[in-house]
Number of protein chains: 2
Amino acid sequence: MNLAPQPAFRALSDPTRREILVLLRDREMTIAQVAENFDMTRAAVKKHLTVLADGGLITTRAEGRERYNRLNPLGMAPVLDWLTVFDAFWDDRLASLKAAIEEETQ
Amino acid sequence: MNLAPQPAFRALSDPTRREILVLLRDREMTIAQVAENFDMTRAAVKKHLTVLADGGLITTRAEGRERYNRLNPLGMAPVLDWLTVFDAFWDDRLASLKAAIEEETQ
DNA sequence: TTCATACGATACCAAATGGTATCTCGTCAA
DNA sequence: TTGACGAGATACCATTTGGTATCGTATGAA
């Protein structure tokens, strides 16, 4: 029984949203704090945060008039799960794939 | 020096394109063969294949008047590479993430 | 040669997307 | 109580996206 991966893939498809995820990796942030890091309005950032929440990649916690956005590590599960569909395929070519990833990450 | 992950993430964001990748997992296929599996025109399928090629997820081989599309396992590397940005974060919560993924995949 | 066919290219359309502007609603502090 | 301020909601706009229709091109077979 798989969770539908579409909302998560959709959320990850925008570079601004991926940047937001990296920001939230270190600490939870309010909308205004996230918006400080981008050259766009708070409303636009809020839309991105909504898409990320729909994708299950972040959760929100209200505190007074502020809303803290926090990374949800479990949100990546459907994405990683979908990628395992190619495990068998990769097995055949695992050496070259590993090499490529190591080249990328070094 | 990372490859830009945007074209690959973009390519993965559409469910039709993800389905195409699953189809190509087993064997290379011409445009017409791919199109047989969907309720849309060959032209629409061709557009999806172009996006997948731009994302580096497939490669194309011409043979006569046919064009064979083949999965490129190395194309996933930028995606997997980007996901490793969260490795440290996941380490802290690895138990719950593992549990969630296993729940997903069982 | 002639013609069917597998593609590529282009023009076009409707809907989704990313953005701004603007208004309202709660909450906190003076 | 009265603002100031962080956030939500909505209307609106330009661009991108996913799709069709249609045309042209090149290959393979009769």
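Each chain gets a letter, A, B and so on, in the order its sequence line appears, and its residues count up from 1.
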List the atom pairs, with distances to 0.1 Å, where a side-chain N or O of residues 52-59 of chain A and a protein N or O form a donor-acceptor pair under 3.5 Å, not counting sequence neighbours.
none

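- For A/His48 and B/Gln33, each mapped to the nucleotide of DNA chain C holding its nearest heavy atom, the one lying further toward the 5' end belongs to B/Gln33.
- In this model, the phosphate group of C/dT20 is approached by a side-chain N or O of A/Thr41 to a distance below 4.0 Å at OP1 or OP2.
- With D/dG19, C/dT5, C/dC7 as the candidates, the nucleotide lying closest to the side chain of B/Lys47 is D/dG19.
- Here the side chain of B/Met40 is nearest to one of D/dG8, D/dG19, C/dT27, namely D/dG19.
- Rounded to a whole Å, the CG atom of A/Asp39 is 17 Å from the P atom of C/dG18.
- Contact check of residues 13-21 of chain A against DNA chain C (heavy atom, cut-off under 4.0 Å) returns A/Asp14, A/Arg17.
- Atom NZ of A/Lys47 sits about 11.5 Å away from atom CZ of A/Arg17, to the nearest 0.5 Å.
- Out of D/dA7, D/dG8, C/dT20, the shortest distance to the side chain of A/Lys46 is found at D/dG8.
- The nearest whole Å value for the distance from the CG atom in A/Asp54 to the C1' atom in D/dG8 is 15 Å.
- Rounded to the nearest 0.5 angstrom, A/Met29 CE and A/Leu71 CG are separated by 12.5 Å.
- Distance from the side chain of B/Arg67 is smallest to C/dC7 among C/dT27, C/dT5, C/dC7.
- Between the B/Arg10 side chain and the A/Ser13 main chain, no donor and acceptor come within less than 3.5 Å of each other.
- A straight line from CG of B/Leu52 to P of D/dT17 spans 14 Å, rounded to a whole angstrom.
- Taking the side chain as every heavy atom from C-beta outward, A/Leu83 and B/Met76 approach each other to under 4.5 Å.
- Considering only side-chain atoms of B/Ala43, the nucleotide from C/dA9, D/dG28, C/dC7 that sits closest is C/dA9.
- Note: CD (A/Glu66) to C1' (D/dA4) measures 14 Å, nearest angstrom.
- Side-chain atoms of A/Gln33 come within 3.5 Å of backbone N or O of A/Thr30 as a donor-acceptor pair.
- Taking only side-chain atoms of B/Arg10, from C-beta outward, the nucleotide of C/dG8, D/dA7, D/dG18 with the closest atom is D/dG18.
- The side chain of B/Ala44 approaches D/dG19 more closely than any other nucleotide in the set D/dT27, D/dG19, D/dA7.
- Taking 3.5 Å as the limit, the base of D/dA7 and the side chain of A/Arg42 contain a donor-acceptor pair of atoms between them.
- Listed here is the closest heavy atom pair of A/Ala62 and A/Arg67: CB-NH1, 3.7 Å.
- Protein atom CG of B/Leu12 is 17 Å distant from nucleotide atom C1' of D/dG18, rounded to whole Å.
- One can place CG of B/Leu49 at 13 Å from P of D/dG18, the figure rounded to the nearest angstrom.
- D/dT27 atom C1' lies 5 Å from atom CZ of B/Arg65, rounded to whole Å.
- When rounded to the nearest whole Å, the span between OH of B/Tyr68 and C1' of C/dG8 equals 18 Å.
- The cluster map of Ile, Leu, Val, Met, Phe, Trp and Tyr, joined by side-chain heavy atoms under 4.5 Å apart, puts B/Val45 and B/Leu24 in the same cluster.
- Between A/Thr30 and the phosphate of D/dA7, there is a side-chain N or O to OP1/OP2 separation shorter than 4.0 Å.
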